[in-house]
2 protein chains.
Amino acid sequence: MMLETISERCRKVGIRMTGQRRLIIKVLEDSDDHPDVETLFERANKIDNKVSIATVYRTVKILKNAGILEKLEFNDGRSRFEDAVRNHHDHLIDVDSGTVIEFIDEEIEHMQKKIAKKLGYELIGHKLELYGKKNEGNH
Amino acid sequence: MMLETISERCRKVGIRMTGQRRLIIKVLEDSDDHPDVETLFERANKIDNKVSIATVYRTVKILKNAGILEKLEFNDGRSRFEDAVRNHHDHLIDVDSGTVIEFIDEEIEHMQKKIAKKLGYELIGHKLELYGKKNEGNH
DNA sequence: ATAAGTGCAAAGCATTTGCTTTGAA
DNA sequence: TTCAAAGCAAATGCTTTGCACTTAT
């Protein structure tokens, strides 16, 4: 199965493509970490300094509302955004270094649906973050 | 098994008990919803108007750092705090009404530990939020 | 053409902080 | 008595917005 790119999904829902949006989307697609909005802005700005941070904020909000991006909050007061459909995964945050590890566990995904159903709800989204300390061998 | 109250845990870790802190803790213990800091402040203030919102912020931060409270963020820009040990549970948020349902699922708790371990980490905390729409029967 | 997008700087909000006064131990 | 805590208001930091200008369709 071939997933659609962010741009393709934008076109599909009729989001007008401007130079800034194309650039911001490219930065998003090229990032394999979890940049906050400020970082996104810096990366875009390095390529083309005709992008303002207001536009970055506006763009990620539009893409989030269109269901194209997903908003992450790692308890540090800043928002991060990532592709909502490509590589769905949850996050494990190393509380010492801040490193973020992505993982996916089908069993957990399935149980979440089950729990929601049991409570009388249809699951439309979820957020799972694990916070951990590195296991230094077994001493 | 009898769990300790917030005040008892405060005393144990040597947090100085002032009238304001006692009041804020009482409000926390009496709340069975998930008040944000502003709401906490309003409730405390209604009982005794000698409490400032700065103190509420300072108090919840201290209790959080002592591991007594847990910070919740429901994607609305405000922070909420709740007892970290009493009634551990996760949350299902009704995206239409904002209602928050608490639940606990031992199986999911256990799987989270397992996943962290597999990734080389010791789980020290987690955040699980489900977002759902009410199931209106089966039509 | 024209409705939508952008930049800039100002405004908004939740949260934090500096400083003086108050109070717990 | 003495150092931590509180109150107040100013400051901060992330995010949003008003307005004049620009651009995609």
Side-chain angles (χ1 to χ4, degrees), chain A residues 6-8 10-28 34-66 68-81 98, chain B residues 6-8 10-28 34-66 68-81 98:
Chain A
I6 294 177
S7 322
E8 283 164 347
C10 283
R11 195 149 301 130
K12 185 176 278 182
V13 296
I15 288 175
R16 201 180 273 210
M17 288 309 288
T18 67
Q20 287 89 329
R21 289 186 182 167
R22 248 185 289 274
L23 176 52
I24 293 163
I25 288 167
K26 175 159 178 33
V27 171
L28 277 165
H34 298 80
D36 56 38
V37 178
E38 177 82 32
T39 307
L40 229 41
F41 164 67
E42 282 162 10
R43 292 185 188 168
N45 214 252
K46 203 191 286 188
I47 300 172
D48 180 349
N49 69 350
K50 278 187 295 306
V51 192
S52 74
I53 194 161
T55 295
V56 179
Y57 273 109
R58 284 193 267 236
T59 301
V60 294
K61 178 180 271 186
I62 286 166
L63 299 195
K64 189 199 73 180
N65 291 340
I68 294 169
L69 295 182
E70 185 177 355
K71 185 180 186 177
L72 308 174
E73 288 174 296
F74 291 164
N75 265 334
D76 64 355
R78 271 158 286 160
S79 300
R80 294 144 202 283
F81 292 84
Chain B
I6 294 177
S7 322
E8 283 165 349
C10 283
R11 194 149 301 130
K12 185 175 278 181
V13 295
I15 288 174
R16 196 180 278 210
M17 287 310 288
T18 67
Q20 288 90 329
R21 289 185 181 168
R22 246 185 291 273
L23 176 52
I24 293 163
I25 288 167
K26 175 161 178 28
V27 170
L28 277 165
H34 298 80
D36 55 39
V37 178
E38 178 82 31
T39 307
L40 228 43
F41 164 67
E42 281 162 11
R43 292 185 188 168
N45 215 251
K46 202 192 284 188
I47 300 172
D48 180 348
N49 69 351
K50 281 188 292 305
V51 192
S52 74
I53 195 160
T55 297
V56 179
Y57 273 108
R58 282 195 266 236
T59 301
V60 293
K61 179 180 271 187
I62 286 166
L63 299 196
K64 189 199 73 181
N65 291 341
I68 294 169
L69 295 182
E70 186 177 352
K71 185 180 186 178
L72 308 174
E73 288 174 298
F74 291 164
N75 266 335
D76 64 355
R78 270 158 287 161
S79 300
R80 294 144 203 282
F81 292 83

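Keep in mind that what you see is a predicted model, and the values were worked out from it rather than measured. Throughout, protein chains are lettered first and strands after them, A, B, ... in sequence-line order, and every chain is numbered starting at 1.
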Just to confirm, is there a sub-4.0 Å distance from OP1 or OP2 of [N] to any side-chain nitrogen or oxygen of [X]?
X	N	answer
B/Thr18	D/dA6	yes
B/Ser79	C/dT15	yes
A/Thr55	C/dG5	no
B/Tyr57	C/dT16	no
B/Lys61	C/dT16	yes

- Checking A/Arg78 side chain against A/Asp36 main chain: does a donor-acceptor pair fall under 3.5 Å? no

- Task: Measure from the side-chain N and O atoms of A/Arg21 to the backbone N and O of A/Arg16, and report whether any donor-acceptor pair falls under 3.5 Å.
- Result: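 A pair under 3.5 Å: yes.
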
Just how far, in rounded Å, is [atom2] of [N] from [atom1] of [X]?
X	N	atom1	atom2	value
A/Glu73	C/dT15	CD	C1'	15 Å
A/Ile53	D/dT17	CD1	P	15 Å
B/Met17	D/dA4	CE	P	18 Å
A/Gln20	C/dA4	CD	P	17 Å
B/Phe41	C/dT16	CZ	P	16 Å
B/Arg78	C/dT15	CZ	P	9 Å
B/Arg58	C/dT22	CZ	C1'	13 Å
A/Lys64	D/dT15	NZ	C1'	12 Å

- Task: Find which nucleotide of DNA chain C each of A/Ile62 and B/Gly77 is nearest to by heavy atoms, and output the residue with the more 5' nucleotide.
- Result: A/Ile62

- Query: If you find the nucleotide of DNA chain C closest to B/Asp76 and the one closest to B/Ile15, which residue's nucleotide is nearer the 5' end?
  - Reply: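 It is B/Asp76, whose closest nucleotide lies nearer the 5' terminus.
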
- Task: Decide if atom NZ of B/Lys26 counts as having more than 12 heavy atoms of other residues, nucleotides or ligands within a radius under 6.0 Å.
- Result: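 Atom NZ in B/Lys26 is not crowded, with 12 or fewer foreign heavy atoms closer than 6.0 Å.
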
- Message: Is there, by distance only and without an angle test, a donor paired with an acceptor across the side chain of A/Arg16 and the base of D/dA24 below 3.5 Å?
- Response: yes

- For B/Arg21, which contact category applies under a 4.0 Å heavy-atom criterion: base, sugar-phosphate, or nothing? sugar-phosphate

- Is there a side-chain contact between A/Val56 and A/Asn45 (heavy atoms, below 4.5 Å)? no

- Which distance, rounded to the nearest 0.5 Å, do you find between the SG of A/Cys10 and the CZ of A/Arg22?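 Here the rounded value is 10.5 Å.
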
